[in-house]
Amino acid sequence: MDKQADVIIVGGGLAALQLARHLRSTFHVIILTKTTIRQSNSYFAQGGIAAVIDQEDSVHSHVEDTLKAGRYHHFTEEVQRLAGEGAEAVKELIAGGFLIDREADGRPSLGLEGAHSARRIIHSGGDATGRQTIEYLLERMPPNVEIIEGEMAYECLLSTDRSVCLGVKTKNRQGVIHRYYAPHVVLATGGAGTMYPFTSNEPTLTGDGVAIAFRAGAEVADMEFVQFHPTLLFIDGTTKGLISEAVRGAGGRLVDGSGSYLMDGIHPLKDLAPRHIMAFEIYQARAAGKAVFLDIRSIKQFEKKFPTITALCERNDVSISKGLIPVAPGSHFLMGGISIDTDGRTTVPGLYAIGETAHSGVHGANRLASNSLLEGLVFGRRLAAFLNGYGGGIRTKRNIVYRYLKQLDDSSLTDLSKRELQKRMIEASGIIRTGEGLRQHIRYLEAKGLPEWMTAGMDLLSFDDIELVHLHINSYLTSRAALLRQESRGAHIRADFCKEEENWQGRRIVQTVDGTEIRGGQHERNPIGIHA
Ligand code: SIN
């Protein structure tokens, strides 16, 4: 079955819904999600939304905190726009009836999180802000938006000269392929957290957007920057879910098995230091054989403030009243992704990206806490404004080419294992990296069939195998970039290049199917776009 729309959005998280809701009502909009509309990282997000809504706070301070946490590897103008438009987008939500948590006197209850110099995190329903925001947007979704669940987009449909994106192919769990055509195809599929064995991400987060866009010829950038969240609940050698940074904002402190505070003497912000510093310390402590706990004994009314975390702990037999939650770091957020310009355009005309799957330059080398839901709100709204004013008209499906000559099938994927990939990723391309480890991992991936797979077709693969190939492509892009960046910056930590190097600041590793380039330098502006 083929279908035509004005805008196709792949993914059903916050950025996707915010875009859909702001698109003009004359557009036929199709949202494609591979599971259900209530299963996304956004839906389960415990953190809040960082936004300057307090008179004592300033956009300037939010920008400074974002730049500092991301080690000045941003597109600075994009950060300024994020903070400024973010405040407006949040005020728009509140004015529209979105219920935020408030103090007894009615003032917004603003939380503090790591590396923020002011209380500026808004929450809704305590630690259920993601769910509340998605439900708010779904309730207001206009009738021109059609939501199709259970179909995974896996390939762009390209024009005969392979230069323009005209649609996407999807597959469902029964193996049925559908084709969707639109002049505007937006990828909003989130990150690739499941490349690693420990992750805060939903199991569906397999880097689909990056893999689809890359295979269609788009540029991807900054893939080496993967954020590890310091505190995931850690039980019997596995992680079970996130323990929000808001818990440390409310007074939670990291202790080791003997009760010593882990962050004392490490960073002036102690337990609210940037995430890469916290994750590194916990990783080191655990590697030295120490157990690490989040001590929540000083937090009054924990159960009331953090109902989702309380339920998570109870499900895993961790007693809140004893006050010690066992934690370990896990992959959380991809700062890199598909290169976009300020409106969300990728380097392939007709193809757009927003949210975590995109590289917009707002997160630098390490995202500031609670800036991700904010990014979704801002870029969803901004891309809608761009498309609403677009004069390009409807493209038809006439000039489609099936780009890929070779088709991958089961026999091309011998011995691929997600578990093996995850193990290798945490060892070679995880919290601490070395050139030798990365080279070995890249050789392993090449022996499995990469980079040939990057340009092969996937029609013959099952749903699960496509996800597995997407993960391998993301792993390859991450590890190649991590090998090339010979410094430590933000979330990218190299044991063999321990320091931040000035000559690497603002330089980006940009990858396409045709090759890799190191581009830019300090104070670079967003260099891509302009191909309407
Ligand atoms: C958290 O609540 O700690 C996660 C929120 C975020 O990553 O911004």
Side-chain angles (χ1 to χ4, degrees), residues 13-15 40-51 62 65-66 69-70 82-83 86 90 101 109-116 119-134 190-193 198-202 205 225-234 239-254 269 271-279 282 294 296 299 302 305-313 325 327-335 355-356 362-378 490-491:
L14 182 63
S40 62
N41 263 4
S42 302
Y43 194 81
F44 296 108
Q46 294 172 5
I49 307 173
H62 190 182
D65 291 346
T66 302
L82 175 80
V90 167
D101 295 348
S109 165
L110 296 173
L112 184 65
E113 283 184 2
H116 283 275
R119 291 195 163 270
R120 65 168 70 99
I121 319 299
I122 64 149
H123 290 98
S124 177
D127 52 10
T129 308
R131 188 178 71 221
Q132 297 281 98
T133 320
I134 296 285
F198 301 153
T199 181
S200 63
N201 287 196
E202 285 296 289
L205 273 289
F225 294 113
V226 178
Q227 182 177 80
F228 282 77
H229 194 288
T231 55
L232 270 54
L233 179 61
F234 189 69
T239 50
K240 302 284 185 184
L242 188 70
I243 307 293
S244 172
E245 192 148 321
V247 173
R248 280 176 281 121
R253 300 206 57 191
L254 288 171
L269 291 174
D271 294 85
L272 290 176
R275 287 184 180 169
H276 62 290
I277 294 171
M278 309 272 312
I282 301 173
L294 194 54
I296 56 167
I299 305 178
F302 186 93
K305 285 186 185 136
F306 301 108
T308 310
I309 296 171
T310 301
L312 174 71
C313 287
I325 303 177
V327 290
S331 68
H332 184 58
F333 191 86
L334 180 62
M335 273 72 70
E356 186 175 348
V362 296
H363 301 308
N366 198 26
R367 175 175 62 80
L368 183 68
S370 287
N371 267 358
S372 58
L373 293 180
L374 185 75
E375 179 189 17
L377 288 177
V378 167

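Counting starts at 1 for both ligands and their atoms, following the listed order.
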Check: Looking at side-chain heavy atoms only, is the closest gap between R367 and H332 below 4.5 Å?
Finding: yes

Checklist line | D271 with R248: basic N within carboxylate O range, under 4.0 Å | finding: no

Margin query: Using every non-hydrogen atom in the two residues, find where I134 and S42 come nearest and quote the distance to one decimal.
Written below: CD1-CB, 3.9 Å

Check: Are any side-chain N or O atoms of E245 and backbone N or O atoms of G47, one a donor and one an acceptor, separated by less than 3.5 Å?
Finding: no

Next item on the list: Spell out, as yes or no, whether a donor-acceptor pair under 3.5 Å connects the side chain of H116 to the backbone of A369.
Entry: yes

Notebook entry, point to check: In order of chain and number, which residues sit within 4.0 Å of ligand 1 by heavy atom?
Noted result: G47, H229, L242, S244, E245, R275, H332, R367, A369, S370

Item checked: All side-chain contact (heavy atoms from CB on, under 4.5 Å) counterparts of K240, not counting sequence neighbours -> L233, I235, T238, N316

